[in-house]
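First the structure, in the form of structure tokens, and then the observations on it.
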Amino acid sequence: MISLSKNHFSSCLSLSNLLLRRMLTKVAWCSNVNDSTHDGVILLSESIESLKNQEAFQQIAQALEKHAQIDESARNDVSILAAPVAGGRVVFSPIGPTNRDYDDVRRFTDAALKGVKRALSSGMKKPLLVQAYECPRFPHRDLAAFVGALHGLYVPIEVREALPEKKVKAEVIGFHSTNKDAQCYADLAGKLEAGRCVARDIGGSDPERMAAPNVAEYVKETFKNTCVQLEVISDLKVIEKEYPLFAAVNRCAAGVERHQGRIIYLTYEGEGPITRTLFIVGKGVTYDTGGCDIKANGVMAGMHRDKCGAAAVAGFFKVLAELKPKGIKVVGGMAMVRNSVGSNAYVADEIITSRAGKRVRIGNTDAEGRMAMGDLLCRMKEMVLETNAPNPYLMTIATLTGHARIAVGCPYALIMDNGPAKAAGYSQRVQTGGDLIGDLFEISTIRREDYEFHKGKSEYEDILQCNNLPSTRTPRGHQGPAAFLILATGLEKHGIDSDRPLAYSHLDIAGSEGEFPGIPTGSPILALTEAFVLNQS
């Protein structure tokens, strides 16, 4: 059951501190569509016809109908015209049909994003977004629209730093809905966007601006004086001893001080008795050259985005710091490392013993993400067993395989469970949460062939890290890495046949992290928030 009571959030009229510090566009609920604070209105509805039935918008509907008689595209696409509203102009962005099998809540998200972009191009600096279409099929339609609008206002951190005059696209954005219960969504949308801004800053920035040491400093600044505790591990000897798989990837980059890896742990513990515990590891490869199995033929471009898993972990913790949910503890791990190529790079055929004591034969240095995350996941497993954490659930989040993107396409993420997680319905829970707000997941399955694929092929090794083909040319190329992570960390001893089963899911966000060139989406922050923060059951 989804709960949006006032116990979860502060006053709907308050502004998110992080938005003020990071995105700088003020966010507020507006009760009057003629509020002179705003210099224009962005109006969302299913169609011009649907507006005619609402007394408050009949004049606008008449103007739109007249406009459509000379420009038929106004019925299906974004248009702008003079109207008796705040600022004297309205951007009409039709949502389109919402009643077909394949329609989802993104109708509202997409319409809001298109509307904001058109408003900005018209010169608006203080737009008011009005969501005027009632659609019970999508209970979080207003929230989906508001976060869609905020996505369109994000300014990359490099631009904010280098060009202060461009640090904001709009000075303020107001939210209004014909649904009187939607007021709390304005503040919630701002707090969700706060987390997504953090994720975009880290995930979308270039490999120097967000090299591992810089990410660590950014995270420290982000969570200064908050309820989130941090631990940053930078000592190479500690990394080599306690995180040997990570250290192998870091070995070449460690020779360049500004590229040296960082392992970052974040902890949030809500007030009251802890009834649920999440352990989340994110892949934070700041740049992926492929290593000695180098990415050739131009496919290296865009590999600064290989850190979006760890970026999402940081962003989710910002949401936790903003919402302060009770009764839940969350431990996050960011595996920040650069997969460089050089004389000290790790190579195929090396055998490296993981933190869990498993001998791993390297098959492909371009399969570095599973290496970076493996020992952190093992440490999370140890934390669960050492502390007897209540209702533990372990996750890895990564832009791990091109196979995932090909298998389900964009903008969809994949989630796959081990036995205990499947029994508990975790994949379905995440998928349902994502469906509510437009952060969409497909469910995949880890099969016996995936485990067999990664078992050692000789007496030298226990586990084969990877074959020497790209995931896109490997059957079951996105499921296999999940099986590797289970085997390399010893989680296979905690399946449904164990007296201490541990639920674990792997999330491959290669398809949902956003198009390149472009702005990262911050996936799966929205889905995780819906599934584990707003849903208290």
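When reading the values below, keep in mind they use all heavy atoms of this one structure, side chains included, and skip hydrogens, waters and symmetry mates.
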Worksheet item: Side-chain contact, heavy-atom cut-off 4.5 Å: Met334 with Tyr265?
Response: no
Discussion item. Can you tell me how far apart OH (Tyr154) and OG1 (Thr25) are? Round to the nearest 0.5 Å.
Written reply: 12.5 Å
Fill in: With Tyr504 via ring pair (Phe, Tyr, Trp, His ring centres under 6.0 Å) - residues at least two apart
none
Fill in: Salt bridge present between Glu368 and Arg338 (N-O < 4.0 angstrom)
no
Worksheet item: Side-chain contact, heavy-atom cut-off 4.5 Å: Leu143 with Leu188?
Response: yes
Worksheet item: With Leu440, which residues qualify under side chain to side chain contact (heavy atoms under 4.5 Å, CB included), at least two apart?
Response: Asp104, Arg106, Tyr412, Asp435
Worksheet entry | Partners passing ring pair (Phe, Tyr, Trp, His ring centres under 6.0 Å) against Phe57 (at least two apart in sequence or in another chain) | none
Discussion item. Suppose the criterion is side chain to side chain donor-acceptor pair (under 3.5 Å): which pairs have a residue in residues 399-408, not counting sequence neighbours?
Written reply: Asp306-Thr399, Thr401-Asp508, His403-His478
Worksheet item: Looking only at atom types and distance, does a side-chain atom of Arg196 sit under 3.5 Å from a main-chain N or O of Thr521, one as donor and one as acceptor?
Response: yes
Fill in: Full working for side-chain contact (heavy atoms from CB on, under 4.5 Å) between Asp206 and Tyr287
CA-CA 9 Å; Asp206 77 72; Tyr287 199 71; over 6 Å; no
Worksheet item: Does the separation of the ring centres of Tyr185 and His140 fall below 6.0 angstrom?
Response: yes
Discussion item. Within the structure provided, determine whether Arg262 and Val215 are in side-chain contact (heavy-atom separation under 4.5 Å).
Written reply: no
Practice prompt. Give, for atom CD of Glu158 and atom CD of Glu208, the distance between the pair rounded to the nearest 0.5 Å.
Written response: 11.5 Å
Worksheet item: Does a sphere of radius 6.0 Å around CD in Gln59 hold more than 12 heavy atoms from other residues, nucleotides or ligands, not counting ones at 6.0 Å or beyond?
Response: no
Fill in: Val33 side chain reached by His176 side chain, heavy atoms, under 4.5 Å
yes
Worksheet item: Can you check whether Ser93's main-chain N or O pairs, donor with acceptor, with Lys114's side chain at less than 3.5 Å?
Response: no
Worksheet, complete the sentence: All heavy atoms of Ala531 vs all of Arg429, minimum pair found to be O-NE, 2.8 Å
Worksheet, complete the sentence: Closest non-hydrogen contact found for Ser79 with Leu64 is OG-CD2, 4.0 Å
Practice prompt. Look at the side chain of Gln431 and the backbone N and O of Phe441, then say whether any donor-acceptor pair between them is shorter than 3.5 Å.
Written response: yes
Discussion item. Tell me the closest heavy-atom pair linking Pro94 and Ala111, and the distance in Å.
Written reply: O-CB, 3.9 Å
Item to complete: Using a strict 4.0 Å threshold on nitrogen-to-oxygen distance, state whether Glu65 and Arg75 make a salt bridge.
Response: yes
Practice prompt. Indicate yes or no for a side-chain donor-acceptor contact from Asn214 to the backbone of Arg209 under 3.5 Å, with no hydrogens or angles considered.
Written response: yes
Worksheet entry | Derivation of the side-chain hydrogen bond (donor to acceptor under 3.5 Å, both in side chains) call for Asp71 and Ser73 | CA-CA 5 Å; Asp71 183 3; Ser73 68; 2.6 Å; yes
Worksheet item: Is atom NZ of Lys169 surrounded by more than 12 heavy atoms (other residues, nucleotides or ligands) closer than 6.0 Å?
Response: yes
Discussion item. So which atom in Ala149 and which in Leu129 form the shortest heavy-atom distance, rounded to 0.1 Å?
Written reply: CB-CD2, 3.8 Å
Practice prompt. Quick one: closest heavy-atom pair of Ala112 and Ala145, and the distance?
Written response: CB-O, 3.1 Å
Worksheet item: With side chains defined as the heavy atoms from C-beta onward, is the minimum distance between Val78 and Phe92 less than 4.5 Å?
Response: no
Discussion item. How long is the straight-line distance from CG of Leu320 back to CD1 of Ile525, given to the nearest 0.5 Å?
Written reply: 10.0 Å
Item to complete: May I ask you to check whether over 12 heavy atoms, not counting those of Lys52, lie within 6.0 Å of atom NZ?
Response: yes
Discussion item. Using the side chain to side chain contact (heavy atoms under 4.5 Å, CB included) criterion, which residues pair with Glu171? Sequence neighbours excluded.
Written reply: Lys125, Lys126
Item to complete: Ignoring hydrogens and angles, tell me if any N or O in the side chain of Thr109 forms a donor-acceptor pair with the backbone of Ala144 under 3.5 Å.
Response: yes
Worksheet item: Say you draw a straight line from CD1 of Ile42 to CD1 of Ile173; how long is it, rounded to the nearest 0.5 Å?
Response: 5.5 Å
Practice prompt. Could you list the residues that satisfy side chain to side chain contact (heavy atoms under 4.5 Å, CB included) with Ala421, not counting sequence neighbours?
Written response: Tyr393, Asp417, Asn418, Tyr426, Ala503, Ser505
Practice prompt. Is it possible for you to check whether Lys329 lies under 6.0 Å from the centre of the six-membered ring of Tyr268, through NZ or CZ, and within 45° of that ring's axis?
Written response: no
Worksheet item: Is a side-chain N or O of Asn339 found less than 3.5 angstrom from the main chain of Asp288, in a donor-acceptor match?
Response: no
Worksheet entry | Over-ring placement of Arg305 relative to Phe516, 6.0 Å and 45° cut-offs | no
Discussion item. Please check: side-chain N/O of Arg141 versus main-chain N/O of Cys135, any donor-acceptor pairing under 3.5 Å?
Written reply: yes
Item to complete: Mark yes when over 12 heavy atoms from residues, nucleotides or ligands other than Lys117 sit less than 6.0 Å from its NZ; otherwise mark no.
Response: no
Worksheet item: Are Asp35 and Thr37 close enough that a side-chain donor and a side-chain acceptor fall under 3.5 Å?
Response: yes
Worksheet item: Please walk me through it: do Tyr133 and Leu51 pass side-chain contact (heavy atoms from CB on, under 4.5 Å)?
Response: CA-CA 8 Å; Tyr133 183 57; Leu51 284 175; over 6 Å; no
Worksheet entry | CD on Glu221 to CG on Asn225, rounded to 0.5 Å | 9.0 Å
Discussion item. Tell me if the CD atom of Gln69 is crowded by more than 12 foreign heavy atoms within 6.0 Å.
Written reply: yes
Worksheet item: How far apart are the C-alpha atoms of Ile443 and Gln428, what are their side-chain angles, what is the distance that settles it, and do they pass the side-chain contact (heavy atoms from CB on, under 4.5 Å) test?
Response: CA-CA 8 Å; Ile443 297 174; Gln428 287 79 7; 4.1 Å; yes
Discussion item. Would you say that Ile80 contacts Val90 through its side chain, given a criterion of any heavy-atom pair below 4.5 Å between the two side chains?
Written reply: no
Worksheet entry | Steps toward side-chain hydrogen bond (donor to acceptor under 3.5 Å, both in side chains) verdict (Ser121, Arg118) | CA-CA 5 Å; Ser121 68; Arg118 183 65 184 91; 3.0 Å; yes
Fill in: Side-chain donor/acceptor of Arg473 to backbone N/O of Pro470, under 3.5 Å
no
Discussion item. Taking the side chain as everything from C-beta on, heavy atoms only, tell me whether Phe279 gets closer than 4.5 Å to Met395.
Written reply: no
Fill in: Student check: side-chain heavy atoms of Thr267 and Val228 closer than 4.5 Å
no
Practice prompt. Look up atom CD in Gln54 and atom CD1 in Ile60, then write down how far apart they are to the nearest 0.5 Å.
Written response: 10.0 Å
Discussion item. When you measure from the side chain of Arg200 to the backbone of Gly522, do you find a donor-acceptor pair of N or O atoms at a distance under 3.5 Å?
Written reply: no
Worksheet item: Leu507 and Thr396: side-chain contact (heavy atoms from CB on, under 4.5 Å), yes or no, with the steps?
Response: CA-CA 6 Å; Leu507 287 64; Thr396 46; over 6 Å; no
Worksheet entry | Minimum heavy-atom distance between Ala216 and Ile264, given as atom pair plus value | CA-CD1, 3.8 Å
Fill in: Check: Leu414 main-chain N/O paired with Ser444 side-chain donor or acceptor under 3.5 Å
no
